[in-house]
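For reference, the structure is listed below as structure tokens.
Labels below follow one simple rule: chain letters A, B, ... track the order of the sequence lines, proteins then strands, and each chain is numbered from 1.
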Amino acid sequence: MHLQAPKGMSDVLPPESGRWKETIRKAEELFDLYGYEEIILPVLEQTEVFLKGIGPTSDIVQKEMFTFEDRGDTSLTLRPEGTAGVARAFVQSMAKYPMPLKLYYQGPMFRRERPQKGRFRQFFQLGVELIGSAKPVADAEVIALAQDLMAALGEGRIDLLVNSVGDSRCRPAYSEMLRAYLDRMEDRLCQDCRRRKQTNPLRVFDCKEPGCFQVVQEAPRITDHLCEKCQAHLEETLELLGQAQITLELDKSLVRGLDYYTRTVFEFRSPALGAQNTIAAGGRYDGLIESYGGPPTPATGFSLGLERLLMLHSGERGKAERAGAYLVAEEAEARNRAFILARELRGRDIPCDLDCLDRSMKAQAKAADRLGYRYTVFLGPEELASGRLTLRNMAAGTQESLSEKELIARLEAARSTASKENE
RNA sequence: GUGGCGGUAGCUCAGUUGGCAGAGCACUGGGUUGUGGCCCCAGAGGUCGCGGGUUCAAGUCCCGUCCGUCACCCCA
């Protein structure tokens, strides 16, 4: 029997893992720049958290959650997204914190879907939540932050789509209007949309069937039926984003799958991806925290799919480059010296490595090249006899004979040059 | 949950009307380069996804099953 990772869950191997780490590090730098602090949450929540937050009729809750009974009395679920957990933690422990609260989170999310390009059962999200402000400037800030993330970490064209889905005042009336319209057009809708019409009429806007597309062209848009306050909120948000020189498209058919969204919703999409082309998405959720039993608290945020973001970087894989040295040694005595020298170098923060497979000098030199070390140190028979070591600069192909002391000094000097270059 | 395509060496794949399981890359040893990259020689590496069936004979044909992939559904 072959052991393998569960369906839709993959190992992130080096050197890919290095790119992950680097991307996460840059994102965190940006979060910090905007004044967000990390909240570290459990990967499991009581199932109730997601039922109430995401909505019992949503697909995520209906068929995509990894849910199990914990010793028979509590139903637990692997988190399918991050916002519900943040809201739960807020109500549990942070309701008295000074507002606004600016939080970011990162980690794996889980949805039991059929995997395809850009969609996995375990996927890694980075997200931010700005809690406590109902003002358009809050929406504009998280969108601006997301935009900066795209600019710093994305590649190629990335489109920003924005819309408003209204609030508890204007959305119910609109939903009725839309459903009535769709009822009249029923015979032109596909099977899926006839079902959607009942469960979540807004989603008909997402359908790719040509017939439905035509029907939707003529359909009333939520954006044209917002109440006064939602309308003003949208206009102010767009105004701020315009002033910030952020280019976007007001997409009146943009809707989102999670029930908790109110007013502003947005998505960043790349045409370079497959069918799953949303890299980051989010919006406002003014009712969520109150629905968890907390004080009425407006909030807005977004999350980003790391795998999808990284998929944009096609094939560019530079050879790994390492400061420091690879130590090549032939005979047993030389190998022992290399081992001691490696400890000495590492103690001085100089990266180094050496053979542990008893391989030939040639194979070791090859390894030095493959691993990308800037220097190779040779402890061959000649070096052993003379007591001096050979330091070879791999890029230049030059080398010199040095005492161990001189060699260490040389590598230390090179290390500080290297760290300056990286800044 | 539904559908299309696929599964042969670590990776990418070839394998004829059923007839001894192959190539390139990577890997290991060696030659050459003063000691890596280029080149040359040699070597190691395979339950042909798994189970059943047809056949003298199955990687190849049939059935089932698992896994992967892309799309639908839905979503980061």
Measure from the side chain of A/Lys7, starting at C-beta and using heavy atoms only, and say which of B/A76, B/C67, B/A71 lies closest. B/C67
Interface with RNA chain B, restricted to residues 260-275 of chain A and to heavy atoms under 4.0 Å: A/Gly274, A/Ala275
With both distances kept under 3.5 Å, what pairs with B/C61, Watson-Crick or G-U wobble? B/G53
When you measure from the side chain of A/Phe123, which nucleotide among B/C74, B/G37, B/A76 comes out closest? B/A76
Using only atom types and a distance under 3.5 Å, with no angle test, would you say the side chain of A/Glu218 pairs donor to acceptor with the backbone of A/Val215? no
Around atom CD of A/Gln46, are there more than 12 heavy atoms from other residues, nucleotides or ligands closer than 6.0 Å? no
Mind checking if A/Gly282 touches a base, just sugar-phosphate, or nothing, with heavy atoms under 4.0 Å? nothing
For atom C1', what is the distance between B/G68 and B/C27, given to the nearest Å? 26 Å
Please classify the nucleic acid contact of A/Phe124 as base, sugar-phosphate, or nothing, using heavy-atom distances under 4.0 Å. nothing
Using a heavy-atom cut-off of 4.0 Å across all strands, would you classify A/Ala368 as base, sugar-phosphate, or nothing? nothing
Check against salt bridge (Lys or Arg N to Asp or Glu O under 4.0 Å), A/Glu383 and A/Arg388: CA-CA 5 Å; A/Glu383 285 82 1; A/Arg388 294 175 74 79; over 6 Å; no
Under 3.5 Å donor-acceptor pair, A/Arg111 side-chain atoms to B/C74 base atoms: no
Using the C1' atom as the point on both nucleotides, what is the distance between B/A57 and B/A71, in whole Å? 41 Å
Nearest-Å distance, CG (A/Leu304) to P (B/C75)? 18 Å
Take atom CG of A/Leu357 and atom P of B/A44, then tell me their distance rounded to the nearest Å. 20 Å
Same-atom distance (P) from B/C62 to B/U17, integer angstrom: 14 Å
Starting from P on B/A26, measure out to NZ on A/Lys366 and report it in whole angstrom. 8 Å
Contact class for A/Thr390 (heavy atom, under 4.0 Å): base, sugar-phosphate, or nothing? base
Would you say A/Leu411 and A/Arg348 make side-chain contact, with heavy atoms under 4.5 Å? no
Protein-nucleotide distance (A/Gln4, atom CD; B/G7, atom P), rounded to Å: 17 Å
Under 4.0 Å between a side-chain nitrogen and a carboxylate oxygen: does that hold for A/Glu16 and A/Arg19? yes
Would you kindly say whether A/Gln364 and A/Glu330 are connected by a side-chain donor-acceptor distance under 3.5 Å? no
Check the pair A/Lys102, A/Glu141 against salt bridge (Lys or Arg N to Asp or Glu O under 4.0 Å), reporting the backbone distance first and the verdict last. CA-CA 11 Å; A/Lys102 304 174 80 166; A/Glu141 171 169 303; 2.8 Å; yes
Between B/G45 and B/A21, how far apart are the two C1' atoms, rounded to whole Å? 13 Å
Per A/Arg119 side chain, nearest of listed nucleotides B/G37, B/A71, B/C72: B/C72
With the side chain defined as heavy atoms from C-beta on, A/Lys362 is closest, among B/U35, B/G31, B/A76, to B/G31
For the side chain of A/Ala363, counting heavy atoms from C-beta on, which of B/C27, B/G29, B/A76 is nearest? B/G29
Does the side chain of A/Arg121 reach to within under 4.5 Å of the side chain of A/Phe110, using non-hydrogen atoms? no
Using OP1 and OP2 only, check whether a side-chain N or O of A/Ser360 sits under 4.0 Å from B/G30. yes
Please give the distance between the P atoms of B/A14 and B/G6 as a whole number of Å. 10 Å
Rounded to whole angstrom, note down the P distance from B/C73 over to B/U2. 16 Å
Do the ring centers of A/Phe31 and A/Tyr104 come within less than 6.0 Å of each other? yes
Is there, by distance only and without an angle test, a donor paired with an acceptor across the side chain of A/Arg370 and the base of B/C27 below 3.5 Å? no
Residue A/Arg114, side-chain atoms from C-beta onward, closest of B/G1, B/G29, B/A76: B/G1
B/G52 versus B/C72 - spacing of their C1' atoms, nearest Å: 33 Å
Using atom C1' in both nucleotides, what's the gap between B/G19 and B/U60 to the nearest angstrom? 11 Å
How is A/Ile279 classified with respect to the nucleic acid when contacts are heavy atoms under 4.0 Å: base, sugar-phosphate, or nothing? sugar-phosphate
Under 3.5 Å, which donor-acceptor pairs do the side chains of residues 126-135 of chain A form with other protein atoms, sequence neighbours left out?
residue  : atom : partner  : partner atom : Å
A/Glu129 : OE1  : A/Tyr285 : OH           : 2.6
A/Glu129 : OE2  : A/Thr83  : OG1          : 2.7
A/Ser133 : OG   : A/Lys135 : N            : 3.1

Nucleotide forming a Watson-Crick or wobble pair with B/U17, both distances under 3.5 Å: none
What is the separation between atom CG on A/Asp369 and atom C1' on B/U35, rounded to the nearest whole Å? 11 Å
May I ask which nucleotide in the shown strands pairs with B/G7, Watson-Crick or G-U wobble, both distances under 3.5 Å? B/C66
Within the structure shown, what part of the strands sits under 4.0 Å from A/Met361 by heavy-atom distance: base, sugar-phosphate, or nothing? nothing
Below the 4.0 Å mark, does B/C72 have OP1 or OP2 next to a side-chain nitrogen or oxygen of A/Gln116? yes
Partner of B/G1 under the Watson-Crick or G-U wobble criteria, both distances under 3.5 Å, comes out as B/C72
Tell me: OH of A/Tyr375 to P of B/G37, nearest whole Å? 21 Å
Quick note, A/Thr278 side chain, CB onward, closest among B/A76, B/U2, B/U32 is B/A76
Picking from B/G37, B/G29, B/A76, the nucleotide nearest the side-chain atoms of A/Arg359 would be B/G29
Using whole Å, what does the distance between atom P of nucleotide B/G68 and atom CE of A/Met9 come to? 11 Å
